[in-house]
Amino acid sequence: QVQLVESGGGLVQAGGSLKLSCAASGRRFSSYAMGWFRQAPGKEREFVAAISGSGVITYYTDSVKGRFTISRDNAKNTVYLQMNSLKPEDTAVYYCAAGRVAPTTTRPSEYEYWGQGTQVTVSS
């Protein structure tokens with residue numbers, strides 16, 4: 001069993017930055033790929049980024065490439081999402097997820113564990 005708790009969301013102006021954190025409890029954190037997803041009102045949950053258990057492999061959706069960076073610290077059981085050059089269309093609830101999957105896995109149903117989400121709002 002893995003429990004995930006996100007933090008770091010908030011309100012920021014367009015062009016600004018935020019860094020999300022996701023702290024995991026449970027053993028064998030490094031055996032899970034970690035993903036970040038987001039869900040805007042009235043829309044389906046969508047993939048943002050993922051990272052392999054070792055941290056070597058990362059994967060991003062096209063709309064965030066060059067602006068967002070996913071990383072992890074296995075010693076701290078934590079995964080991060082650094083978000084720069086934020087746009088109003090990045091506004092959503094952001095969720096972290098854990099799964100024994102390849103980091104290129106983008107379907108939410110493939111991930112086993114989910115956090116409660118953290119709100120990110122980008123004003124224009």
Side-chain angles (χ1 to χ4, degrees):
Q1 189 77 7
V2 176
Q3 293 184 323
L4 304 172
V5 179
E6 302 97 335
S7 62
L11 173 64
V12 64
Q13 289 187 330
S17 298
L18 281 175
K19 186 174 185 177
L20 306 184
S21 299
C22 174
S25 64
R27 296 184 293 179
R28 302 183 63 82
F29 174 70
S30 62
S31 67
Y32 291 91
M34 299 298 296
W36 284 98
F37 290 77
R38 64 188 180 187
Q39 188 166 17
K43 294 188 176 181
E44 293 186 350
R45 192 167 298 189
E46 66 171 356
F47 172 82
V48 176
I51 188 167
S52 61
S54 65
V56 171
I57 300 171
T58 58
Y59 188 67
Y60 300 90
T61 192
D62 286 346
S63 63
V64 308
K65 285 180 181 177
R67 300 189 299 123
F68 291 11
T69 302
I70 189 171
S71 61
R72 66 190 295 162
D73 185 338
N74 286 343
K76 295 182 178 180
N77 280 17
T78 302
V79 63
Y80 305 97
L81 185 68
Q82 176 68 47
M83 305 185 294
N84 299 328
S85 302
L86 282 161
K87 304 175 181 180
E89 52 263 44
D90 294 319
T91 295
V93 177
Y94 282 71
Y95 299 89
C96 70
R100 298 181 188 269
V101 297
T104 52
T105 301
T106 62
R107 289 189 298 273
S109 60
E110 301 281 346
Y111 288 79
E112 301 169 56
Y113 303 103
W114 291 84
Q116 83 289 347
T118 185
Q119 177 71 47
V120 171
T121 303
V122 184
S123 64
S124 57

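FYI, the numbering just counts along the sequence from 1. This is a predicted model, so every value here is computed, not measured.
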Can Val93 be reached from Val48 by stepping across I, L, V, M, F, W or Y side chains whose heavy atoms are under 4.5 Å apart?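 No.
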Salt bridge (Lys or Arg N to Asp or Glu O under 4.0 Å) contacts in which one or both residues fall within [range], not counting sequence neighbours:
range            : value
residues 76-105  : Arg38-Asp90, Arg67-Asp90
residues 111-121 : none
residues 2-30    : none

Aromatic contact between Tyr111 and Tyr32, with the criterion being ring centroids under 6.0 Å apart: yes or no? no
In this structure, is the centre-to-centre distance between the rings of Phe68 and Trp36 below 6.0 Å? no
Quick one: list whatever passes side-chain hydrogen bond (donor to acceptor under 3.5 Å, both in side chains) with [X], sequence neighbours left out.
X     : value
Ser71 : none
Tyr95 : none
Lys43 : none

Is it true that a side-chain atom of Ser52 and a backbone atom of Ala33 form a donor plus acceptor pair closer than 3.5 Å? no
Near Glu46 CD, under 6.0 Å, is it more than 12 heavy atoms from other residues, nucleotides or ligands?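 Buried by this count: over 12 neighbours within 6.0 Å.
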Any side-chain heavy atom of Phe29 sitting closer than 4.5 Å to one from Arg72?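 Yes, close enough: below the 4.5 Å cut-off.
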Between Asn84 and Ser17, is any side-chain donor less than 3.5 angstrom from a side-chain acceptor? yes
